[in-house]
Undergrad: 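Just passing along the structure, written as structure tokens.
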Amino acid sequence: MPELPEVETVVRGLRQTILNKTISSVSIDSPKIDRDNPPGWQKTLHGKVFLNVRRRGKNILIDLIGNLTLWVHLKMTGHLYFMPSKNKIDKHDLLIFTLKDNSHHLRFNDYRRFGRVRLFKTDQVMSQKGLVELGPEPLEIKSDEFMELFKSKRRMIKPALLDQTFIAGLGNIYTDETLYLSRLHPRRLTDSISKPKLAELHGHIQKMLRKAIRLMGTSVDSYAGVNGRPGGFQKYLNVYGREGEPCIRCGTALRREKIGSRSAHFCPNCQRNR
DNA sequence: CGTACAACCTGCACGC
DNA sequence: TGCGTGCAGGTTGTAC
């Protein structure tokens, strides 16, 4: 599922629902969720209060009292849902937090089981592998820093944008869409792009991410927010999932190609690899 | 250092 | 209807 706008939508949904609520119990239905955590970890959470919810790239950090932080990564199909506890348990509800009022659950659901939920001490979580190496936040990086980043490496732009240590938060949909808007070929080398073009790309990335957040993300498959509702940005996709359809700008059939073992969607006419 | 690919899982769309 | 194939919003480890 989830790239930066979807994760940000989940984070905002959590802030509106679980903040200041107390966990009464946690039940686990997957040994995979357990495997990165110390034995009996869920008991540590009993009686703890949700203090704060943060995002770093595509990572969700849920702080609790007692110097504890839940580090959640949704990977492809992970979901966090806030719902009445009477709702039917789904076979892919892997982790269920019962809140103290007993009327609601926070559930981690993931049918592909790639997602991760791990418990750390708050003051140690950001130095964990997977979080320390993250690149800059695309909504915070300034245009000149963005240009320097691109000049510092020589690699294909599409895999670079997907590399979370290069820049954190973009995924396959938003990289294809921003490259299209910027008329950049996905194989174009990062250090071969002019500064004005990079400034344009920087602008498109920020504008697109903000709009996608406003529309609560893109739902092309199973993605949904904490309240179970899908996002609205899929209406604005120009290239992703449109292989063979005419380019909106020039009418050329859009193409899909494997680049860096991910499919890249682009217009072969508008996005030349000069 | 950059690139390519398999692996981790389940489900769905598609062709036959 | 059933079966095989390919594909999926992400990340990691390994090999060249």
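Residue numbering restarts at 1 for every chain, and letters A, B, ... go by the order of the sequence lines.
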Undergrad: Within less than 4.0 Å of OP1 or OP2 of B:dC9, is there a side-chain N or O belonging to A:Lys91?
TA: no
Undergrad: Quick check for you: among B:dA4, C:dG13, B:dG2, whose closest atom lies nearest to any side-chain atom of A:Lys153?
TA: B:dG2
Undergrad: Of A:Ile96, A:Leu106, A:Leu95, which meets side-chain contact (heavy atoms from CB on, under 4.5 Å) against A:Val26?
TA: A:Leu95
Undergrad: Indicate, with a heavy-atom threshold strictly under 4.0 Å, whether A:Arg262 touches base, sugar-phosphate, or nothing.
TA: base
Undergrad: Considering only atom P, compute the distance from C:dC3 to B:dC9 and round it to an integer number of Å.
TA: 24 Å
Undergrad: How long is the line joining CG of A:Leu4 and P of C:dG10, in whole Å?
TA: 12 Å
Undergrad: With rounding to whole Å, what would you report as the distance between B:dT3 and C:dA8 at their C1' atoms?
TA: 22 Å
Undergrad: Both distances below 3.5 Å, Watson-Crick or wobble geometry, any strand: find the nucleotide opposite B:dC9.
TA: none
Undergrad: Under 4.0 Å between a side-chain N or O of A:Arg256 and OP1 or OP2 of C:dA8?
TA: yes
Undergrad: Give A:Tyr240 one of three labels, base, sugar-phosphate or nothing, depending on what nucleic acid heavy atoms sit under 4.0 Å from its own.
TA: sugar-phosphate
Undergrad: Below 30° counts as parallel, above 60° as perpendicular, anything between as tilted: where do the rings of A:Tyr81 and A:His79 land?
TA: parallel
Undergrad: Reckon A:Lys32 has a side-chain N or O less than 4.0 Å from the OP1 or OP2 of B:dC9?
TA: yes
Undergrad: Going by side-chain contact (heavy atoms from CB on, under 4.5 Å), A:Leu94 matches just one of A:Asp110, A:Ile28, A:Asp34. Which one?
TA: A:Asp110
Undergrad: Please report whether the ring centroid of A:Tyr240 lies less than 6.0 Å from that of A:Phe233.
TA: no
Undergrad: Quick check for you: to the nearest 0.5 Å, what is the distance between A:Leu99 atom CG and A:Thr22 atom OG1?
TA: 8.5 Å
Undergrad: Take the protein atom NZ of A:Lys75 and the nucleotide atom P of B:dT10, then report the distance between them rounded to whole Å.
TA: 15 Å
Undergrad: With stacking defined as ring centroids separated by under 5.5 Å and planes differing by under 30°, is A:Tyr111 stacked against B:dG11?
TA: no
Undergrad: Heavy atoms under 4.0 Å, any strand shown: does A:Lys158 hit a base, just sugar-phosphate, or nothing?
TA: nothing
Undergrad: With a 4.0 Å cutoff (strictly under), does any side-chain N or O of A:His92 reach OP1 or OP2 of B:dC9?
TA: no
Undergrad: What is the separation between atom CZ on A:Arg113 and atom P on B:dC8, rounded to the nearest whole Å?
TA: 15 Å
Undergrad: Would you mind reading off the distance between A:Arg187 atom CZ and B:dG2 atom C1', rounded to a whole angstrom?
TA: 14 Å
Undergrad: Can the ring centroids of A:Phe266 and A:His185 be said to lie less than 6.0 angstrom from one another?
TA: yes
Undergrad: Grab the NZ-P distance between A:Lys129 and C:dG13 for me, whole Å please.
TA: 4 Å
Undergrad: Please state how far atom CG in A:Leu162 lies from atom P in B:dG2, giving the value in whole angstrom units.
TA: 15 Å
Undergrad: Just compare C:dT11, B:dT3, C:dA8 and give me whichever is closest to any side-chain atom of A:Arg155.
TA: B:dT3
Undergrad: Can you see if the side chain of A:Lys58 gets near the phosphate of C:dT11 - specifically, an N or O under 4.0 Å from OP1 or OP2?
TA: yes
Undergrad: Between A:Gln164 and C:dT11, is there a contact of a side-chain N or O with OP1 or OP2 at under 4.0 Å?
TA: yes
Undergrad: Of all the choices, B:dC9, C:dT11, C:dA8, which nucleotide is nearest to the side chain of A:Ser263 once you look at every atom?
TA: C:dA8
Undergrad: Specify the separation, in whole Å, of atom CG of A:Asp163 and atom C1' of B:dT3.
TA: 12 Å
Undergrad: Rounded off to whole Å, could you give me the CD-to-P distance for the A:Glu6 and C:dA8 pair?
TA: 17 Å
